[in-house]
Amino acid sequence: MTASDKRDILITSALPYANGSIHIGHMVEYIQTDIWTRFQRLRGHNVTWVWADDAHGTPIMMSARNNNTTPEALIAAMKREHEQDFIDFQLSFDNFHTTHSDENKQCVETIYKRLFDGGHIAVKTIEQLFDPEASMYLPDRFVTGTCPKCKTEDQYGDACESCGTTYDATELLNPKSVVSGATPVTKDSEQYFFKIDNFDTMLREWTSGDHIQPEMRNKIQEWFEGGLKDWDISRNEPYWGFEIPNAPGKYFYVWMDAPIGYMASHLNLLNGDTEALNKYWGKDSTAELVHFIGIDIARFHTLCWPAMLEGAGYRKPTAVHCHGFLMVDGAKMSKSRGTFIKARTYLDHLQPDYLRYYYAAKLNHKVENLDLNLEDFVARVNSDLVGKIVNIASRCAGFIYKNFDATLSAQLPDNTLFQESSTAAASIAEAYENREFSRAIREIIEQADKANQFIADQQPWNLIKQEDQHQQVQEICTLGINLFKNLVIYLKPVVPDIAKQTEAFLNCDEFSWSDLEQPLLNHKINKFKPMITRLESKSIDAIVEASKEDLKASNVAAAPVSGPLADDPISNQISFDDFARVDLRVATIVAADLVEGADKLLQLTLDLGGEQRNVFAGIKSAYDPSTLIGRQTVMVANLAPRKMRFGVSEGMVLAAGPGGSDLFILSPDNGAQAGMRVK
RNA sequence: GGCCAUGUAGCUCAGUUGGUUAGAGCACAGCAUUCAUAAUGCUGGAGUCGGUGGUUCAAGUCCACCCAUGGCCA
């Protein structure tokens, strides 16, 4: 590669929020970033990957308050945890910083000042909730009340957890201050707005180019049609963030300083050298600036962020790559199903290469969700990595080691296989470059299939029995080893651990892309050791189980101390289909009698509107049979009949309560008819 | 409610500008093989391409509506 071919690439991943642990959903993006980063390095480009913890905002302030700690202590502990997770997942970032840093304060203030001087900041007076007792403005999360839409009580001032509606805190019904319990009043408050509309023309042009995936352009178009409204970048104190210069009591909104955290992390890596920073961020920079993000934060990265950069006299991103969300077994990650898997829980059980490979095999350049199918995960990794790729080394190495003093032959057999393996490079590189990792993997596995076919075809295990065929065997296995070497170079961005073991096994320096062209000949190798063990489904079960344990542990803290929920916590989630299997019907009690010899049972005759059922119900302690006759109730109509000492019970009546005299059978409202289904 | 994306074999996915009989891997069945971490090779069965209607000589591919899933916004 000549100096002029060498690209300067600055890469970022989205900033994880410093208020929770990293999970395998985050890892989709970080692994995607890492594969692309490693690929570019393997090709010899000058790559820098910087990111940071997103360490500001009300949720962090609240968490610190609830845990009797300071925000500083909380984010410091979280940063250590996050960074260790990333290192252990073999992410090859150059710097992981925090948005609560001197560098970020410096960058935020610089950008804000430039925007202000450029006439891109407006000061407007808006109505905000104010706590008259604590005499302070209330952030959204410091107000609770009833959702204006679905009337669910005890919701925060930004969104309803029950119906998902987002609203202004001023719209809450019966609002209450979290701080004092007082009813807030509305009060005028000055806020600072970024006039993003000033950049309408620039943004329309910029987003119509190659910087954005085509499917994102449709989405962005919709935002333009809605009009670019002034963006409120300030928050009243108390707020956890940076104070706005010359605006006492006003703080930068977390989403203002978060993306600037990319720049600040870079500045931190450069030890504060702003000239070096400008080489990447200056208006005329020729370096590439590439962001990897999830679709949920696309709006900030495709509109707010480029506008801020433009307004402050910096360059705009080369590309903003969006990905979808992680699904596990076709559904959203679920805590109760044990599919909300923390990065650490995964690492406690498995090496990163497995998950890295599986994600790579499914990632593409589109904004699609990625489904982690746990059964498929096991099958895919075992079949591809163990059965196909590493097996090539395993089946050739023995011959070389035992019969040829661990030395590869001086020449390859007379065929074009090695040539083919090298020329696949162009297409595989193109796939990596365009982030079509699944295509890259498909093409790599095709090469592996060819290698295995070749070995099966040549049958070295038969040839070795003939003395005069020994050189042939050495050459066949040398080719096998060299095909394996190329496969590992192709896979090096994806499975760094296997690549490292292969370099040691083959006695080689660190592989680079250019090593694809030259076969190893007359070269001594080491004894083959298994590089990766087969994935067992019991490991997956253990991860799922451990993830359920995590849930239990976190539930203990939040569980109510007394009351029905404390005595009998809510069961694991079920699907609608599970529920639908239970056939509940309205029934009329036409007869109710004491059962001779039974302490707790009443014998009920239930009418389902044409069909009568005999049911034994354990409600004698709470009900006099004569008061039940003529009442309607609800029964499970498709419960398997059960033989009891006093007869067969053909269903079950629904009742609530712990027992004894505290039992309450259900009744439908007036008008229900016997036999109606409850659903 | 509006919008965006997705829906192809049991599972995970390819299917370029509409053009022969819709492909691959895994799983399954049979055969071969035993160098290899029970790994590998060959052969085979398996699909009303979410549904309905339309455009066309021709639709998995284009259009309309509907359904399901995921998401964004209100």
Side-chain angles (χ1 to χ4, degrees), chain A residues 25 148-149 159-160 163-168 171 213-227 229 294-300 302-303 322-333 358-359 361-364 366-403 431 436-446 448-465 473 476-477 480-481 484 528-536 575-576:
Chain A
K149 184 160 184 202
C160 174
C163 70
T165 303
T166 55
Y167 39 71
D168 279 342
E171 296 174 54
Q213 289 137 292
E215 56 263 59
M216 282 311 299
R217 287 187 211 131
N218 296 331
K219 190 75 209 169
I220 289 166
Q221 198 49 42
E222 185 187 318
W223 295 332
F224 280 121
E225 281 159 16
K229 297 187 197 96
I295 188 174
D296 53 328
I297 56 174
R299 192 188 174 114
F300 290 108
T302 58
L303 298 179
C322 279
H323 58 81
F325 290 86
L326 178 72
M327 312 288 281
V328 180
D329 286 340
K332 275 193 278 188
M333 294 196 296
Y358 189 73
Y359 281 174
K362 304 193 82 170
L363 274 166
N364 59 31
K366 294 189 251 180
V367 193
E368 286 174 354
N369 290 343
L370 189 156
D371 185 34
L372 167 58
N373 181 289
L374 294 173
E375 258 179 58
D376 187 50
F377 175 43
V378 173
R380 190 82 192 252
V381 164
N382 286 342
S383 165
D384 289 2
L385 279 185
V386 184
K388 287 181 176 173
I389 303 279
V390 178
N391 188 38
I392 295 167
S394 177
R395 63 194 309 200
C396 293
F399 290 108
I400 297 286
Y401 195 79
K402 273 183 238 153
N403 303 288
E436 297 175 80
F437 299 161
S438 61
R439 178 159 78 84
I441 297 291
R442 263 203 318 279
E443 292 185 14
I444 293 166
I445 292 298
E446 256 176 59
D449 286 342
K450 282 188 197 167
N452 277 311
Q453 280 161 23
F454 166 75
I455 297 164
D457 198 41
Q458 298 293 313
Q459 306 184 15
W461 55 91
N462 282 335
L463 296 178
I464 198 71
K465 293 171 190 160
V473 171
I476 289 163
C477 292
I481 294 280
F484 170 69
F528 177 82
K529 284 180 271 182
M531 298 177 182
I532 184 167
T533 52
R534 290 173 66 77
L535 196 47
E536 296 185 53
S575 68
F576 177 78

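So that the names make sense, note that chain A is the first sequence line, chain B the second, and so on, each numbered from 1.
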Exercise. Which is it for Lys219(A) and Glu215(A) under the salt bridge (Lys or Arg N to Asp or Glu O under 4.0 Å) test, yes or no, and what are the steps along the way?
Worked result: CA-CA 7 Å; Lys219(A) 190 75 209 169; Glu215(A) 56 263 59; over 6 Å; no
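Per the geometry, CZ belonging to Phe377(A) stands 16 Å off P belonging to rA27(B), to the nearest Å. What separates OH of Tyr358(A) from P of rU12(B) is a distance of 8 Å, to the nearest Å. If you take CG of Asn364(A) and C1' of rG15(B), they are 14 Å apart, rounded to a whole angstrom. Rounded to a whole Å, the CD atom of Glu375(A) is 15 Å from the P atom of rG10(B). Spacing between atom CG of Leu463(A) and atom C1' of rU33(B) amounts to 14 Å, rounded to whole angstrom units. The interatomic distance linking Ile444(A) (CD1) with rG25(B) (P) rounds to 17 Å, in whole Å. If you take CZ of Phe224(A) and C1' of rC73(B), they are 16 Å apart, rounded to a whole angstrom. Residue Leu363(A) contributes atom CG, which lies 16 Å from atom P of rU12(B) at whole-angstrom precision.
Taking atom C1' on both rG45(B) and rU6(B), the two are 30 Å apart, rounded to the nearest angstrom. Spacing of C1' atoms, rG18(B) relative to rC13(B), comes out at 22 Å, to the nearest Å. A distance of about 13 Å separates the P atoms of rG47(B) and rG23(B), rounded to the whole Å. Taking the P atom of each, rG51(B) and rC67(B) are spaced 15 Å apart, rounded to whole Å. As rounded to the nearest Å, rA27(B) and rU21(B) have P atoms that lie 31 Å from one another.
The side chain of Trp461(A) lies closest to rU34(B) when the candidates are rU34(B), rU12(B), rU37(B). Closest to the side chain of Glu368(A), out of rU12(B), rU37(B), rU6(B), is rU6(B).
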Problem set entry | Dot-bracket notation for RNA chain B, counting Watson-Crick and G-U pairs under 3.5 Å, with | for partners on another strand | (((((((..((((.....[...)))).(((((.......))))).....(((((..]....)))))))))))).
What N/O pairs connect the protein and nucleotides 70-72 of chain B at under 3.5 Å? Give each pair on its own line.
residue : atom : partner   : partner atom : Å
rG70(B) : O2'  : Asn369(A) : ND2          : 2.7
rG71(B) : OP1  : Lys332(A) : NZ           : 3.3
rG71(B) : N2   : Lys219(A) : NZ           : 3.3
rC72(B) : O2   : Lys219(A) : NZ           : 3.2

What pairs of nitrogen or oxygen atoms, one from the protein and one from nucleotides 38-41 of chain B, lie under 3.5 Å apart?
residue : atom : partner   : partner atom : Å
rA39(B) : OP1  : Arg534(A) : NE           : 3.1
rA39(B) : OP1  : Arg534(A) : NH1          : 3.1
rA39(B) : OP1  : Arg534(A) : NH2          : 2.7
rA39(B) : O5'  : Arg534(A) : NH1          : 3.2
rA39(B) : O3'  : Gly387(A) : O            : 3.4
rA39(B) : O2'  : Gly387(A) : O            : 3.0
rA39(B) : O2'  : Asn391(A) : OD1          : 3.4
rA39(B) : O2'  : Asn391(A) : ND2          : 2.6
rU40(B) : O2'  : Arg395(A) : NH1          : 3.2

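Within 6.0 Å of CD on Gln459(A) lie more than 12 heavy atoms contributed by other residues, nucleotides or ligands. Open room surrounds OH on Tyr401(A); 12 or fewer heavy atoms of other groups in view lie less than 6.0 Å from it.
A salt bridge is absent between Arg442(A) and Glu446(A); no separation between the charged side-chain nitrogens and carboxylate oxygens falls under 4.0 Å.
Toward the 5′ end of RNA chain B lies the nearest nucleotide of Lys465(A), the other residue of the pair Lys465(A) and Phe528(A) mapping further downstream. Nearest-nucleotide assignment on RNA chain B puts the 5′-proximal partner with Ala361(A), out of Phe399(A) and Ala361(A).
Within 4.0 Å (heavy atoms only), Lys366(A) reaches no atom of the nucleic acid at all. Residue contacts for Ile464(A): at a heavy-atom cut-off of 4.0 Å it reaches no nucleic acid atom on any strand shown. Nucleic acid contact class of Pro530(A) (heavy atoms, under 4.0 Å, all strands): base. Among the atoms of the strands shown, only primed sugar atoms or phosphate atoms (P, OP1, OP2) are found under 4.0 Å from some heavy atom of Arg442(A). Counting any heavy atom pair closer than 4.0 Å across all strands shown, Asp329(A) reaches no nucleic acid atom.
Of all heavy-atom pairs between Trp223(A) and Leu303(A), the closest is CE3-CD1, 3.8 Å.
Within the structure, every side-chain polar atom (N or O) of Asn373(A) is placed at least 4.0 Å from both OP1 and OP2 of rC11(B).
The closest donor-acceptor contact from the side chain of Asn391(A) to the backbone of Val386(A) lies at 3.5 Å or more, if one exists at all. Asn382(A) places a side-chain N or O within donor-acceptor distance of the main-chain N or O of Leu535(A), the cut-off being under 3.5 Å. With hydrogens and angles disregarded, no donor-acceptor distance shorter than 3.5 Å links the side chain of Ser394(A) to the backbone of Val390(A).
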